[in-house]
2 protein chains.
Amino acid sequence: MADASTAKRRGRPDSATGHALLDATERVLRAEGYGAATSRRVAQEAGVKQQLLFYYFDSMDEMLLAAFQRRTQRGLARLQQDLASARPLRALWEDYSRAVDPKLTFEYMALANHHAGIRREVATFIRRTRRLQAERIAAVYRARGMSEAPVSPAAAAFLIGCVSLLLGREAGSGINTGHREVRRLVQWCLKQVE
Amino acid sequence: MADASTAKRRGRPDSATGHALLDATERVLRAEGYGAATSRRVAQEAGVKQQLLFYYFDSMDEMLLAAFQRRTQRGLARLQQDLASARPLRALWEDYSRAVDPKLTFEYMALANHHAGIRREVATFIRRTRRLQAERIAAVYRARGMSEAPVSPAAAAFLIGCVSLLLGREAGSGINTGHREVRRLVQWCLKQVE
DNA sequence: GTCTATACACCGATAGAC
DNA sequence: GTCTATCGGTGTATAGAC
């Protein structure tokens, strides 16, 4: 099965063209949605012939998964940096509010609904990041002597991701009802732990 | 332009077949995603011929919009009931946690990314519901003499929708990390205003 | 590694009979 | 209101030359 001689001859996805295809995929996902992420459209966006895509990836499903995996790897690296901060809660909030693209995230989440590989990847990514965040936040609480905080570390981790994502998504659609109040609440909470 | 003689002859979407098509659309969206919501697939699911769909709707885009509009109308009716409760915050939380389908919601949100009609409908729906919720919550705060609550009415309205949606989505993917803590926090908050 | 050529299914949508 | 027939376009994917 893993025999190289019977396997389909195939280029490495981590080559220049491979990355160009993944970049093109995300541009298309962002601008036109996963329904438009076809081999023709993505190849055109990357400036290569449609059929070449199948030299780098066995199928469209595999390419979408590869694009998402590259994204979670980068997300994990950024998370490590945020958690290394002296104010990890504030660092997480500001990083998520700035660097996470809600449109792309929602596209991947919808994709996960009916793409088993992406669904699995989403699940392991969320479990891992939330656990790392909760541990770091718990350390902050201990350092401040806040063992009885109403917002537990795991809840804080969930809320930061959840609120920043939805706030960003709505803002991107021109919806701002109540956002001022939510941001004020977040800042108030962040101050409580600093 | 609105001249009936020049307009395409067309059946009323609020007929038995029209609703059957909208029901079929949502089943397909839920199970296979908007990429699978094609005229052939939806018609098959509704048990009618593919071409009949275009007798009820001018285009696929229009049909998807009609399906979403029917959904927001029902959502608004349910909201009115929730707000009529003596404990509107708890009613909202429980209704949203039970009756909102996260999979379908995310599919529509991704769809809104590149479907102008749905994007507009989402925006007006969210603005309207959040305003109604915030007004009702403000009345509860006043009745309890909680004018200085850290969680303002608009922020509470945002958080209930935001948290219940993401919690439901994750749970549907088998992710539960931190959920217990979040639910406990929500219950604690609800008790504060009762 | 990139190209051309190509197979074959499915897409949205229209025309017109009944 | 539902049917059959059909159009041109696009989808994934493979074979094989260079």
Side-chain angles (χ1 to χ4, degrees), chain A residues 4-25 27-29 31-68 107 110-111 114-118, chain B residues 4-25 28-29 31-68 107 111 114-118:
Chain A
S5 64
T6 60
K8 191 157 76 168
R9 191 171 69 102
R10 189 153 80 74
R12 303 279 72 224
D14 57 341
S15 61
T17 310
H19 276 288
L21 283 166
L22 296 181
D23 291 342
T25 301
R27 279 200 300 278
V28 172
L29 282 179
E32 305 167 49
Y34 73 75
T38 67
S39 58
R40 286 178 212 263
R41 183 73 193 80
V42 167
Q44 180 201 33
E45 182 74 23
V48 303
K49 296 282 169 185
Q50 177 254 337
Q51 298 93 328
L52 190 57
L53 190 151
F54 295 99
Y55 175 72
Y56 287 94
F57 304 95
D58 279 342
S59 66
M60 287 305 293
D61 269 6
E62 203 207 73
M63 192 178 79
L64 288 167
L65 178 59
F68 185 65
E107 216 62 51
L111 208 41
H114 46 95
H115 186 307
I118 294 188
Chain B
S5 63
T6 60
K8 191 156 79 168
R9 192 170 69 101
R10 188 153 82 73
R12 302 282 70 223
D14 57 341
S15 61
T17 310
H19 276 289
L21 283 166
L22 296 181
D23 291 342
T25 301
V28 172
L29 283 179
E32 303 167 49
Y34 72 73
T38 68
S39 59
R40 287 172 212 268
R41 183 73 193 81
V42 167
Q44 181 201 33
E45 183 74 23
V48 302
K49 296 281 169 186
Q50 177 253 339
Q51 298 93 327
L52 190 58
L53 190 150
F54 296 99
Y55 175 72
Y56 288 94
F57 304 96
D58 280 341
S59 67
M60 285 307 292
D61 269 5
E62 203 206 73
M63 191 177 81
L64 289 167
L65 179 59
F68 185 65
E107 216 61 49
L111 207 41
H114 46 94
H115 187 306
I118 293 187

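The structure displayed is predicted, hence computed values, not measured ones. Within every chain, numbering begins at 1; the chains are lettered A, B, ... in the order of the sequence lines, protein sequences first and strands thereafter.
What separates CG of L53(B) from C1' of dC3(D) is a distance of 15 Å, to the nearest Å. Regarding Q51(B), its CD atom lies at a distance of 8 Å from the C1' atom of dT4(D), rounded to whole Å. Atom-to-atom, CG of D61(B) to C1' of dA13(C) comes out at 13 Å; the value is rounded to the nearest Å. Distance CG (L64(A)) to P (dA13(D)): 10 Å, rounded to an integer number of Å. We find that CZ of F57(B) is positioned 13 Å from P of dT2(D), with the value rounded to whole Å. Distance, D14(A) CG to dG1(C) P: 11 Å, rounded to whole Å. Distance, Y55(A) OH to dG1(C) C1': 5 Å, rounded to whole Å. Rounded to an integer number of Å, the gap from CD of Q44(A) to P of dC3(C) is 14 Å.
The side chain of Y56(A) lies closest to dT2(C) when the candidates are dT2(C), dA13(D), dT2(D).
Nearest approach of F57(A) to G18(A), heavy atoms of both residues: CZ-O, 4.2 Å. The two residues T25(A) and M63(A) make their nearest non-hydrogen contact at OG1-CE, 2.9 Å. For the pair A37(A) and L29(A), the tightest heavy-atom approach, listed with the atom from each and the gap, is CB-CD2, 4.0 Å.
Scored by the salt bridge (Lys or Arg N to Asp or Glu O under 4.0 Å) test, D14(B) finds no partners at all (sequence neighbours excluded). Applying the salt bridge (Lys or Arg N to Asp or Glu O under 4.0 Å) test to R40(B) and every residue at least two apart in sequence or in another chain returns nothing. Scanning for side chain to side chain donor-acceptor pair (under 3.5 Å) contacts around H114(B) gives Y34(B), with sequence neighbours left out. Judged as a side chain to side chain donor-acceptor pair (under 3.5 Å), and not counting sequence neighbours, the contacts of S39(A) are Q50(A).
Side-chain contact between L53(A) and V48(A): absent, with no pair of heavy atoms (C-beta onward) separated by less than 4.5 Å.
As judged by a 4.0 angstrom heavy-atom cut-off over every strand, S15(B) is placed among residues making no nucleic acid contact.
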Walk along nucleotides 7-12 of chain D from 5' to 3' and tag each nucleotide B, S or - by protein heavy-atom contact under 4.0 Å, base first, then sugar-phosphate.
---SBB
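Base-pairing analysis of DNA chain D finds the following stems of at least three consecutive Watson-Crick or G-U pairs, with both pairing distances under 3.5 Å: C:1-18 with D:1-18.
Note that the CZ atom of F54(B) and the CD atom of E62(B) stand 10.5 Å from one another [nearest 0.5 Å].
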